[in-house]
There are 2 protein chains.
Amino acid sequence: MGQVIETKAKGAAQVAHKGKAASRLTAEDLRKLLPLGEILDGDCIEAMRSLPDNSVDMVFADPPYNLQLGGDLNRPDGSHVDAVTDDWDHFDSFRAYDEFTRGWLAEARRVLKPNGSLWVIGSYHNIFRVGATLQDLGFWILNDIIWRKTNPMPNFRGTRFTNAHETLIWAGMGEKSRYTFNYRAMKTLNDELQMRSDWVLPICSGAERLKENGHKAHPTQKPESLLYRVMLATTNKGDVVLDPFFGTGTTGAVAKRLGREWIGCERESKYRRVATARIEKELPLDESAITTMQAKRSAPRVAFGALVEAGYVKPGTVVFDKKRRWEATVRADGSLVSNKQDGSIHALGAKLQGAPSCNGWTFWHFEDGNEIKPLDAARDLYRLATED
Amino acid sequence: MGQVIETKAKGAAQVAHKGKAASRLTAEDLRKLLPLGEILDGDCIEAMRSLPDNSVDMVFADPPYNLQLGGDLNRPDGSHVDAVTDDWDHFDSFRAYDEFTRGWLAEARRVLKPNGSLWVIGSYHNIFRVGATLQDLGFWILNDIIWRKTNPMPNFRGTRFTNAHETLIWAGMGEKSRYTFNYRAMKTLNDELQMRSDWVLPICSGAERLKENGHKAHPTQKPESLLYRVMLATTNKGDVVLDPFFGTGTTGAVAKRLGREWIGCERESKYRRVATARIEKELPLDESAITTMQAKRSAPRVAFGALVEAGYVKPGTVVFDKKRRWEATVRADGSLVSNKQDGSIHALGAKLQGAPSCNGWTFWHFEDGNEIKPLDAARDLYRLATED
DNA sequence: AACCGCGGTGAATCCTTAC
DNA sequence: AGTAAGGATTCACCGCGGT
């Protein structure tokens with residue numbers, strides 16, 4: 001396991017196993033021909049060519065996103081944002097990126113078993129192109145999955161919405177082909193509720209983030225929790241998982257832990273080295289432990305603006321404190337305005353009282369019929385109505 | 001408002017207003033030519049042809065995505081695309097959908113102002129194709145937004161993840177083009193945290209869901225809260241919003257409420273009828289309720305020198321950063337001097353910190369009695385006093 | 001010991017106006 | 001059109017060192 005081999009060394013095997021011949025081999029024969037637990041050196045399309053047809057159960061791919069970043073970016077405190085500027089993420093045009101995408105997807109398709117499935121992760125920069133291309137190649141999308149990051153990087157310049165998620169596509173080989181989906185495992189993992197298409201997970205940081213000389217070893221290391229859920233959901237124990245963009249080997253580490261076989265492709269020797277050492281250290285779980293990891297459910301935070309949007313509090317509503325010392329009017333964005341001063345329910349409450357802070361939910365009240373209620377009461381109603 | 005007109009009736013106008021001629025008209029002239037508050041009858045590509053170039057501030061589109069509905073597909077030239085339901089022919093079906101998509105997106109692009117923006121909503125069936133196509137046409141994606149449904153329909157057969165979200169794409173006209181984004185309003189709406197790319201909103205149900213004879217009037221009616229957030233974020237009061245797939249008029253209803261102008265296209269007379277009645281009943285909010293928190297950038301610009309001239313900050317005043325790592329003295333012309341270095345409040349702050357830039361208004365502080373205040377506080381006072 | 005403040009950082013298509 | 005200057009802008013989490 002973890003051994004790095006040269007693509008070239010598989011040259012002979014490639015010829016022997018390609019084409020229909022492979023289907024005449026038994027499953028066990030086929031498996032013996034696969035470089036299980038190895039990181040293939042070189043361009044992923046080339047490397048995949050060394051693998052036989054119809055031999056892999058699942059492909060997980062984290063391709064370059066083609067970010068097309070502009071100049072430097074600094075945080076409001078002046079510190080510099082460490083961007084992804086590596087050569088491997090640079091393409092000359094959408095066309096060039098599409099060609100690259102079509103190339104590796106076609107190889108992945110050849111290598112996949114008829115009932116295998118494909119996962120790809122990406123952002124809005126590339127995921128629409130990837131999705132359209134894989135549909136063109138005959139893949140059948142089963143779900144798109146949203147990874148909602150609990151701790152994304154903010155938008156420092158206040159120019160757009162915080163980019164707080166990434167998208168994964170899960171696809172089968174065709175409309176009629178079968179695929180593995182461990183429904184019960186997912187439901188158990190999710191407190192006996194069906195697992196949804198949005199997954200709330202933190203980004204990879206802390207001890208899990210691999211470092212070399214104090215710097216991150218890879219700019220885009222994915223969290224193990226993400227791969228954990230992917231594999232638990234759509235592979236069985238002993239299945240073969242191929243990752244064409246292996247990087248620092250998150251896929252390999254999680255596969256080993258969960259008792260899946262793995263094959264990686266990675267052209268940067270530095271990443272291969274880091275991944276090999278990482279996976280070496282990983283210990284397989286025993287079977288009983290595999291089902292114990294539980295997903296945390298977080299209490300939903302409700303913004304006052306959401307109540308306004310949803311009509312629980314109408315713009316124009318007059319609100320006031322309990323002693324009616326101050327009055328304010330609700331505006332469309334959930335701000336309050338009062339006599340030339342305005343702000344959020346919390347900020348305006350604080351400003352008017354001259355206090356450092358204020359809980360607007362309990363400070364401000366409104367009339368409901370002839371009752372006087374705090375904003376908090378409207379929030380309770382909203383939570384009841386939108387509960388999962 | 002709410003009147004339904006025939007596309008054909010605009011035929012003459014169409015010729016007169018198309019092309020470069022439109023750009024020579026004043027904004028007010030142009031607006032008079034637009035069918036504001038009307039639902040254009042017919043295929044949306046045809047209907048959009050009746051609108052002048054560069055005349056619309058925002059397009060919100062909820063296109064059909066069911067690839068089996070061949071009857072919904074028309075080529076850009078208006079000709080009908082035969083339904084292709086054979087599973088072996090999915091490629092052709094995608095191609096027809098792409099053609100249709102390219103057709104309406106191209107018209108939307110022509111009609112949009114140079115600094116306008118486009119919203120499209122879809123699911124994994126179509127959104128990847130739409131996203132790739134709009135990139136190909138030159139649109140520049142600003143965000144992809146996830147509408148995370150609080151109450152999605154479960155996956156009854158337990159064969160996949162619960163499809164609990166839809167995807168929206170927000171795009172500007174090009175990489176360099178500007179666009180409207182009401183950052184402060186969004187931050188306020190989200191309790192003083194940046195609005196993220198994942199929006200948690202309930203699906204449209206209950207009293208909001210339009211019914212006819214006890215059955216839902218439209219199969220995919222969108223919640224008003226979704227349109228509310230879209231319009232509040234990316235349009236200003238009085239802006240023109242075009243919806244090429246108007247359906248039961250959620251876009252029109254919310255636009256009217258928020259003081260935006262709207263134009264719809266809808267080929268089904270039943271939907272036009274329902275939408276017209278619905279929008280008729282909608283009441284606009286009054287102006288003060290529509291007002292939202294304003295960006296600091298929109299406040300009149302004040303030179304620091306003006307504060308010195310007016311005596312709000314006296315020459316010779318010692319200013320310092322919050323941690324008192326640096327000190328400087330105010331000179332008569334509004335520059336600062338510190339230990340042989342000098343410059344504007346911004347330039348000197350940047351120089352001393354070795355930072356690429358610095359906001360001198362918030363960086364430098366001064367003593368006022370025994371309080372320490374940022375220069376920004378003096379600017380606020382000056383602005384209040386010199387308000388017109 | 002537990003808590004607090006500070007510094008660091010993460011797949012990011014991240015400014016606007018005047019001259 | 002290009003350049004220079006003004007000045008607006010951040011959330012969650014982790015580790016460390018001091019109290």
Side-chain angles (χ1 to χ4, degrees), chain A residues 62-86 88-91 94 121-127 147 149-167 202-209 211 214-216 218-223 245 247 298 301, chain B residues 135 139-144 170-172 174-176 178-179 181 183-184 187 190-197 295-299 301-305 323 334 343-350 355-364 374-376 379:
Chain A
D62 181 11
Y65 287 7
N66 188 23
L67 284 186
Q68 304 176 257
L69 300 180
D72 281 359
L73 179 62
N74 295 291
R75 298 186 181 80
D77 66 7
S79 63
H80 184 253
V81 175
D82 187 16
V84 179
T85 50
D86 309 62
W88 51 254
D89 196 46
H90 181 77
F91 293 83
F94 279 136
I121 182 166
S123 67
Y124 66 82
H125 309 85
N126 71 323
I127 198 66
W147 168 26
K149 302 180 185 183
T150 55
N151 48 350
M153 183 158 61
N155 181 295
F156 296 116
R157 306 299 294 266
T159 55
R160 302 179 182 188
F161 298 98
T162 305
N163 196 2
H165 74 275
E166 293 187 26
T167 301
I203 61 176
C204 179
S205 66
E208 188 187 324
R209 188 87 195 200
K211 300 265 165 73
H215 296 94
K216 54 187 176 190
H218 193 284
T220 70
Q221 187 185 340
K222 295 293 175 288
F245 306 95
S298 51
R301 195 182 60 85
Chain B
Q135 285 181 313
F139 284 106
W140 190 251
I141 298 182
L142 299 165
N143 277 116
D144 60 335
W170 176 41
E175 181 173 357
K176 305 290 180 199
R178 305 180 58 181
Y179 53 90
F181 181 56
Y183 175 74
R184 281 295 325 170
K187 190 167 175 177
N190 195 34
D191 270 8
E192 294 299 316
L193 286 178
Q194 285 192 340
M195 187 66 84
R196 301 170 35 122
S197 57
K296 253 193 168 172
R297 281 193 190 98
S298 63
R301 192 149 157 174
V302 175
F304 182 62
K323 291 178 189 166
S344 72
I345 57 172
H346 313 295
L348 183 63
S357 70
C358 165
N359 182 344
W361 292 109
T362 51
F363 179 74
W364 295 108
L375 293 183
D376 216 14
R379 183 170 60 166

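Because only heavy atoms are used, hydrogens play no part in the values below, and waters and symmetry mates are left out as well, while side chains stay in. First the proteins, then the strands, lettered A, B, ... as listed; each starts at 1. Bear in mind that the values here come from a model prediction, so they are computed numbers and not experimental data.
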(request) Name the residue closer to the 5' end of DNA chain D, choosing between Gly206(A) and Pro76(A) according to the nucleotide with the nearest heavy atom. (result) Pro76(A)
(message) Heavy-atom nearest nucleotide on DNA chain D for Asn359(B) versus Leu193(B): which residue maps closer to 5'?
(response) Asn359(B)
(message) Can you confirm whether Tyr65(A) sits close enough to Asp89(A) that some side-chain heavy atom of one is under 4.5 Å from a side-chain heavy atom of the other?
(response) yes
(message) When you compare the side chain of Gln221(A) with that of Lys216(A), does any pair of heavy atoms fall below 4.5 Å?
(response) no
(request) Assert yes or no for the condition that the ring centre distance of Trp140(B) to Tyr179(B) is strictly below 6.0 Å. (result) no
(request) Between dT10(D), dC14(D), dA8(D), spot the one nearest the side chain of Lys187(B), thanks. (result) dT10(D)
(request) For Asp62(A), answer base if it contacts any base atom (sugar-phosphate contacts may also be present), sugar-phosphate if it contacts only those atoms, and nothing otherwise; contact means non-hydrogen atoms under 4.0 Å. (result) base
(message) Just to be sure I understand the rule, does Lys222(A) reach a base, reach only the sugar-phosphate, or reach nothing, if contact means heavy atoms closer than 4.0 Å?
(response) base
(request) Take the protein atom CZ of Arg297(B) and the nucleotide atom C1' of dG7(D), then report the distance between them rounded to whole Å. (result) 9 Å
Pull out every protein N or O sitting under 3.5 Å from an N or O of nucleotides 2-6 of chain D, one pair per line with the distance.
from   : atom 1 : to        : atom 2 : distance (Å)
dG6(D) : OP2    : Ser344(B) : OG     : 3.3
dG6(D) : O4'    : Arg301(B) : NH2    : 3.0
dG6(D) : O3'    : Arg301(B) : NH2    : 3.3

(request) Kindly say if Asn151(A) contacts the phosphate of dC11(D), meaning a side-chain N or O under 4.0 Å from OP1 or OP2. (result) no
(message) For dA8(D), does the base pair up with any side-chain atom of Thr362(B) as donor and acceptor (N or O, under 3.5 Å, distance only)?
(response) no
(message) Expected output check: what is the dot-bracket annotation of DNA chain D, where ( ) and [ ] are pairs inside the strand (brackets for crossing ones), | is paired with another strand, and pairs are Watson-Crick or G-U under 3.5 Å?
(response) .|||||....|||||||||
(request) Would you grab the first and last nucleotide of DNA chain C (5' to 3') that comes under 4.0 Å of any non-hydrogen atom in chain A? (result) dT9(C) to dC15(C)
